[in-house]
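Only a predicted model underlies this, so the values are computations on that prediction, with no experimental measurement involved. In this chain, numbering begins with 1 at the start of the sequence shown. Counting starts at 1 for both ligands and their atoms, following the listed order.
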Amino acid sequence: MIRLGLNCVSRLRRGALAMGEDVTFGCNRLFASMAEEDRARLSPSLVLRAMPRGAVLFHPGDTVDAVHFPCSAMVSLVAVMAGGETAGTELIGAEGAVGSLMSARPLPAIAQAVVQVSGDVLTLPAEALERAFARSAPLRDHFARYADCLLAQFLQSIACNRRHGLEQRLPGWLLSMRERLGEDEVAMTQERLAQMLGVQRTTVTALALELQRQDVIRYKRGRIRILDSGALAGKSCGCQALVRGHYDRIVPGLYRA
Ligand SMILES: [Zn+2]
């Protein structure tokens with residue numbers, strides 16, 4: 001198993017808050033689970049930034065020249081249609097990364113990367129990852145394994161959206177957030193939640209009220225608190241559990257906080 005927690009605490013530059021200031025923080029698990037020599041090679045190039053909700057890391061068509069590793073933040077990849085409509089897809093948190101993951105070189109983005117839950121994000125220039133890939137086969141394998149997990153997550157999500165109703169998808173989605181954040185509460189407005197799940201806000205509101213009436217969740221001032229995770233698991237379709245199982249087989253220790 002990968003050792004996380006205190007083993008991955010590093011002192012790095014904090015970027016957008018105060019350049020040059022050293023800070024201590026708990027790492028992103030994808031970064032923390034690299035081999036020690038790979039982490040040592042990449043750490044000097046990392047910058048830690050506090051990102052507000054709604055911040056855009058890149059737009060469709062932008063040349064993406066960095067990898068972003070969410071720490072306490074969660075980022076979604078938002079698809080933009082030809083007519084300009086948008087639809088949020090999967091949330092990516094401390095278990096993963098977005099950006100120049102596999103190419104490790106500047107390439108245009110097809111989606112928009114938006115911060116959905118505010119928090120810290122580590123940013124690594126793609127050229128630093130490209131240099132490290134050239135020197136470390138285990139590092140390339142580590143990223144390939146994560147890319148496999150991310151693909152599985154997206155495939156399962158597509159099938160789930162087609163086959164399962166919101167009354168099953170919302171409980172699974174909330175459990176997935178809880179597992180990856182390691183917290184029972186998350187800041188998420190009903191509007192953003194509806195966008196993520198591809199439904200009308202009023203539909204989310206009605207279901208959230210019903211779950212609240214059953215004392216399964218509490219929704220207050222844009223914050224969702226899970227009161228009964230067992231009840232949520234019983235209501236969910238199980239797609240999130242399949243995704244979690246795949247992560248656990250391919251890169252143990254990555255998915256769950
Ligand atoms: Zn499902």
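L170 has its side chain out of reach of V199: every pair of non-hydrogen atoms, C-beta onward, lies at least 4.5 Å apart.
In this structure a side-chain-to-backbone donor-acceptor pair under 3.5 Å is present from D228 to G230.
Annotation: protein N, O or S atoms under 2.8 Å of the Zn ion (ligand 1) (waters excluded) comprise C160 SG, H164 ND1, C237 SG, C239 SG.
The ring pair (Phe, Tyr, Trp, His ring centres under 6.0 Å) search around F133 returns F143, not counting sequence neighbours.
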Listing, residues 238-248 side-chain donor-acceptor contacts under 3.5 Å, not counting sequence neighbours, or none:
{"residue": "R244", "atom": "NE", "partner": "E179", "partner atom": "OE1", "Å": "3.1"}
{"residue": "R244", "atom": "NE", "partner": "E179", "partner atom": "OE2", "Å": "2.8"}
{"residue": "R244", "atom": "NH2", "partner": "E179", "partner atom": "OE2", "Å": "2.6"}
{"residue": "H246", "atom": "NE2", "partner": "D148", "partner atom": "OD1", "Å": "2.7"}
{"residue": "Y247", "atom": "OH", "partner": "Q153", "partner atom": "OE1", "Å": "2.6"}
{"residue": "D248", "atom": "OD2", "partner": "R256", "partner atom": "NH2", "Å": "2.3"}

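Hydrophobic clustering (side-chain heavy atoms under 4.5 Å, transitive across Ile, Leu, Val, Met, Phe, Trp, Tyr) groups L101 together with V75.
Sorted pairs that involve residues 155-168 and meet salt bridge (charged side-chain N to carboxylate O under 4.0 Å, His left out), not counting sequence neighbours, are lacking altogether.
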